[in-house]
Amino acid sequence: MNVTAIVLAAGAGTRMKSEKPKVVHEVLGKPLIRWVVDTARQAGAEQIICVLGHKREQVEPLVADDTTVVVQLEQKGTADAVAVCRTAVSEGTKSVLVLNGDCPLITPQTLTELVKARETSNAGVAVLTMEAPDPQGYGRIVRDAGGMVECIVEQKDCDEVQAAITECNSGFYCFDASMLFEALAKVDSNNSQGEFYLTDVIQIARESGRAAIGVKAEDVNECLGVNTRVQLAEATKILQLRINHAHMLDGVTIIDPDQAWIGPDVVLENDIEIWPQTFLAGHTHIGEGTVIGYNSRLIDTQVGAQCNIYETVAVDAIIEDGCTCGPRAYLRPGAHLCKGAKVGTHVEIKKSVVGPGSKVPHLSYIGDATIGEGVNIGAGTITCNYDGVNKHATTIGDNTFIGSDTMLVAPVSVGSDVVVGAGSVITDDVPDGALALGRAHQVVKEGYKESLEG
Ligand code: UD1
Ligand code: CA
């Protein structure tokens with residue numbers, strides 16, 4: 001199928017009462033417009049065009065990599081929004097899907113069916129319709145005696161009979177590409193809103209002898225648009241449960257599906273346990289048999305098999321098989337825990353490798369460090385990686401023992417099989433196998449209390 005999807009996202013979304021354009025708002029860690037773009041891709045659209053306008057500089061970076069961006073300078077209506085894409089649509093396109101950038105619940109299956117319905121019937125247009133529980137505000141579907149769509153009438157243009165129709169326009173369409181742009185050229189703005197309505201294409205298509213069919217959505221939720229922050233929360237809840245149910249049926253234990261938020265691009269392997277208050281987003285991948293939560297937030301993080309991740313925040317981190325993390329660990333971008341490593345309580349790791357089986361169990365900051373295998377980092381150890389201007393590296397060799405409360409003043413290198421005494425401030429490199437102590441000598445004055453009392 002040669003399908004181009006046009007995603008309409010030029011509007012402001014004033015009801016969000018936000019400085020951000022509506023389609024930038026996120027559901028489960030993913031902007032609204034990305035949901036629609038990714039769904040169009042999954043439905044088989046080879047080309048995706050995003051129509052941007054209002055505050056487009058905030059939207060464009062989200063879609064510029066994998067879609068064609070077309071700018072609609074003035075929002076003159078949905079027909080105009082599609083018309084500005086005319087020269088951007090690839091040659092040879094058979095079907096044009098038109099999607100709303102604020103409808104994140106639509107599924108690839110429904111879009112594929114819409115395209116199929118149009119192509120097999122050779123209709124000029126297939127409209128996805130819905131039985132709206134509250135039709136207020138939607139365009140009404142008027143069908144002819146043969147069940148074909150005769151026209152769509154906007155709420156504001158409805159007479160009494162039309163207003164009573166409950167079948168509504170979802171705003172999703174599939175058009176015959178060869179007919180669409182010719183028809184759009186004939187759309188005028190003679191209506192109550194003075195806008196160019198995309199829905200007028202239906203009558204124009206019929207006048208030129210092409211049929212318009214209505215495909216009713218099985219699940220009306222798929223058509224739910226986000227206009228307010230209440231609807232943003234409703235969409236989040238529906239998608240949260242849709243995703244969680246799919247994972248559970250696929251072999252993931254989720255203790256309370258209302259208290260786990262898992263993004264659509266997260267990959268979970270078999271036999272994972274997700275405990276409450278856990279948020280997994282971005283391109284996070286979790287391996288078999290791993291336990292995550294309570295209170296964990298993992299974003300774009302790779303976790304291996306058989307790990308225990310408790311109360312952990314991780315962003316852009318890698319955690320290999322058999323690691324333990326938390327409670328209360330913070331893995332910042334570039335943190336890499338090798339096989340069997342342990343990062344414990346109140347530990348922050350940034351842009352550092354913790355070698356296989358190495359442990360950073362308590363109260364530490366490790367930044368810009370490379371730690372070898374089998375290393376033990378004592379409680380309270382800090383890599384002093386920043387001199388106020390530049391960041392510097394720390395390296396620690398295999399099987400080294402760093403005593404508690406050590407300051408490693410970078411750049412510094414500590415060899416393998418080293419012992420560093422507790423409370424040391426290490427400013428100079430330490431060779432393999434050495435003992436390093438960098439602390440003041442203890443002074444003991446016996447009988448001091450007595451001498452005070454005279
Ligand atoms: C539209 C339909 C209506 C349908 C409803 C479903 C028309 C005339 N009406 O109405 O039948 O029931 O969607 O939600 O199409 N946009 C642009 N540029 C513009 C105008 C709109 O990009 O010039 C974008 C908006 O950002 C939005 C989408 O198109 O994402 C729909 O526009 P909107 O104004 O919300 O249309 P509705 O009045 O809701
Ligand atoms: Ca709308």
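Each ligand, and each atom within it, is numbered from 1 in the order the structure gives.
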Practice task
Count the heavy atoms belonging to other residues, nucleotides or ligands that lie under 6.0 Å from CD of E131, then report whether that count exceeds 12.
Solution key: yes

Exercise for the section: Answer with yes or no after comparing the ring centroid distance for W261 and F279 against a 6.0 Å cut-off, counting only values under it. Expected result: no

Exercise for the section: Would you check if the side chain of E222 reaches a backbone N or O of T107 as a donor-acceptor pair within less than 3.5 Å? Expected result: yes

Handout entry: Within reach of ligand 1, part of A9 (heavy-atom separation under 4.0 Å)
Key = backbone

Practice task
Give a yes/no verdict on whether any heavy atom in C168 is under 4.0 Å from an atom of ligand 1.
Solution key: no

Problem - ligand 1 N/O within reach of G171 N/O, cut-off under 3.5 Å - result: no

Problem - Distance-only side-chain donor-acceptor flag, D176 / S178, under 3.5 Å - result: yes

Problem - Winner among E154, E74, K76 once heavy atoms are compared against atom 3 (C) of ligand 1 - result: E154

Fill in the blank from the handout: Looking only at non-hydrogen atoms, the one of N169, D200, L224 nearest atom 2 (C) of ligand 1 is N169

Practice task
Rounded to the nearest 0.5 Å, what's the gap from OG on S192 to CD on E154? Could you check?
Solution key: 8.0 Å

Completion exercise
In terms of its nearest heavy atom to atom 6 (C) of ligand 1, the top option of S170, A79, C223 is S170

Practice task
May I ask whether V51 places a heavy atom under 4.0 Å from ligand 1?
Solution key: no

Handout entry: Side-chain ion pair, K186 and E207, N-O less than 4.0 Å
Key = no

Completion exercise
Nearest non-hydrogen contact to atom 31 (C) of ligand 1 from the set L73, I141, N100 belongs to N100

Problem - Interatomic distance, L198 atom CG to I152 atom CD1 [nearest 0.5 angstrom] - result: 8.0 Å

Problem - Proximal ligand 1 atoms for T199, defined as those under 4.0 Å from one of its heavy atoms - result: 8 (C), 11 (O)

Fill in the blank from the handout: With heavy atoms and a 4.0 Å threshold, my read on which part of K22 contacts ligand 1 is neither

Exercise for the section: Salt-bridge test for D258 and K237: reply yes if a basic N is under 4.0 Å from a carboxylate O, no otherwise. Expected result: yes

Handout entry: Numbering as shown, the atoms of ligand 1 that approach A81 to under 4.0 Å (heavy-atom distance)
Key = 17 (C), 18 (N), 22 (O)

Exercise for the section: Look at R34 together with E26 and state whether they make a salt bridge at an N to O cut-off of under 4.0 Å. Expected result: no

Handout entry: Enumerated ligand 1 atoms positioned under 4.0 Å from heavy atoms of G139
Key = 3 (C), 4 (C), 11 (O), 12 (O)

Handout entry: Contact check: G137 vs ligand 1, nitrogen or oxygen atoms, below 3.5 angstrom
Key = no

Practice task
Run down the list V23, L99, V70, T78 and name the one with the heavy atom closest to atom 15 (O) of ligand 1.
Solution key: T78

Practice task
Kindly confirm or rule out an N or O of I152 lying under 3.5 angstrom from an N or O of ligand 1.
Solution key: no

Practice task
Step through the shown structure and confirm whether more than 12 heavy atoms of other residues, nucleotides or ligands are within 6.0 Å of CZ on R297.
Solution key: no

